[in-house]
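Heads up, the thing below is written out as structure tokens.
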Amino acid sequence: MNNPNNTQNPMARHNGLVVQEMPDEVLVYDMDTNKAHCLNQSAAFVWKSCDGNNTVGDIVRQFEANGNGKVTEDFVWLAIDQLNENGLMDSKIAPRFEGQSRRQVLKTIGLASMVALPVIASLVAPQKALGSVSCTCSAAPCPGSGCPTTVCTAGVCQ
Amino acid sequence: MTVAKNENSRIAVRPFDFECYGVKIRLDGNDQGVIDEAERVSRKALLNDIRPVTAGNVDTVFTFTVDPTGFIVLNQDDEYIDHGSVPEYFFNHFNSLIRVAVAERAVDRLFIHAGAVGWKGKAIILPGTSFVGKSTLVAELVRNGAVYYSDDYAIFDRDGLLYPFPRTLSMRADDENFTRFELTPSNLGGLTGTEPVAVGMVLLTEYKPDAKWDPQILTAGSGALEMVPFTFSFVNRPDFSLGVLNNISSRAIIISSQRGSADNFAKTLLDFVDKHVN
């Protein structure tokens, strides 16, 4: 599973992001991709620990020292892979678990871990609100989604 | 409404500039009658909570151009938005546009596309797109004793407190044309909220025939994330928006579930709130 590209000290991305700390999670909005992400506690810890100085081994030790529970390097790499996929790392990092399905990886790491696995949920923020807000219409086209149909009938996309 | 057909009418036109929730808007065009109608619609759409202003820059401009045949073209900040010859439909759509214009730019307030009611001192928020049954559920909750706050725009301050935006409830009949009609809280035997209130529950739901109530509790972060698509100013002001979403979802419980018909579901929901919200 070793990959020479993964020996670097991972560095989290900060530019172009809006970050909101929550009690047990972190919300991140990526202004470049217009995506919002929710990092659970495990993913958030790893992300914040990726300062370009810490090695993965350092992050494991800090995670455990913080009272979060015992984890492996694969656990941290699982978080880094997801952060990387979502554009939240400063530089592209070679995938650690290339060739394995996410299901296989989760099963392997999950069975060995008593700690909540790192999870990142994401969605695209709407650029224009009206499509999701109003199904009123006049002559302009109805929004492509969010209303019963795209046909304007009697002032409503219905 | 009479649409003037005089090409020289631009000479006599007087734009209407106003401010609402800190947003300055201009209604302009080449026909005074159309501008006056746009002002009337704006006042109704924004519950007359607008203040005419006379000087300075505005944040956005709606321009109504009437051609000699009475056909109206609407631009917003020089971008084509709509056109029409049926004033009822045209201005009904403008009613939505003007509210969105304010919601996307409001200063110190966050607008979320959601129904909202008060129940025993806490708010229940129902985010959702059009046609998921928000107004129907809000109406049933009010019929069951909840206090009406809004049927489609929930307004929050930076601390996450909900403020009333009590337009008449915009209902659709259960017929093939979704015929529209309006209700007031008093039609439902209910009251309208007047004071800001903290949020007790955010319910992410939509109506599905025969759906079973199967409430899943989301984490605060997941709940806030799920509210992003319904947050008007999110892209314009992500830092402010995320802060308010945090203040809402960190203090409320966030539930996700489909639901069946509103008349049966309203009581179930209020019982659930009684059990799970302090």
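In what follows, every heavy atom counts, from backbone to side chain, and hydrogens, waters and symmetry copies are set aside.
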Between the CE atom in M22(A) and the CG atom in L242(B), the distance rounded to the nearest 0.5 Å is 9.0 Å
From the options L17(A), V18(A), L27(A), select the one residue that forms a side chain to side chain contact (heavy atoms under 4.5 Å, CB included) with P238(B). V18(A)
Taking all atoms of both residues into account, what is the closest heavy-atom pair of Q20(A) and N246(B), and its distance? NE2-ND2, 3.0 Å
Heavy atoms, side chains only, cut-off 4.5 Å: are L123(A) and L225(B) in contact? yes
Tell me the closest heavy-atom pair linking V235(B) and A125(A), and the distance in Å. CG2-CB, 4.2 Å
In terms of heavy-atom pairs under 4.5 Å, which option from A103(B), G243(B), A220(B) contacts chain A the most? A220(B)
Could you check whether atom CG of D78(B) has more than 12 heavy atoms from other residues, nucleotides or ligands sitting under 6.0 Å from it? no
Which heavy atom of G221(B) sits nearest to which heavy atom of C38(A), and what is that distance? C-SG, 3.5 Å
Counting only heavy atoms not in N15(A), do more than 12 sit closer than 6.0 Å to its CG atom? no
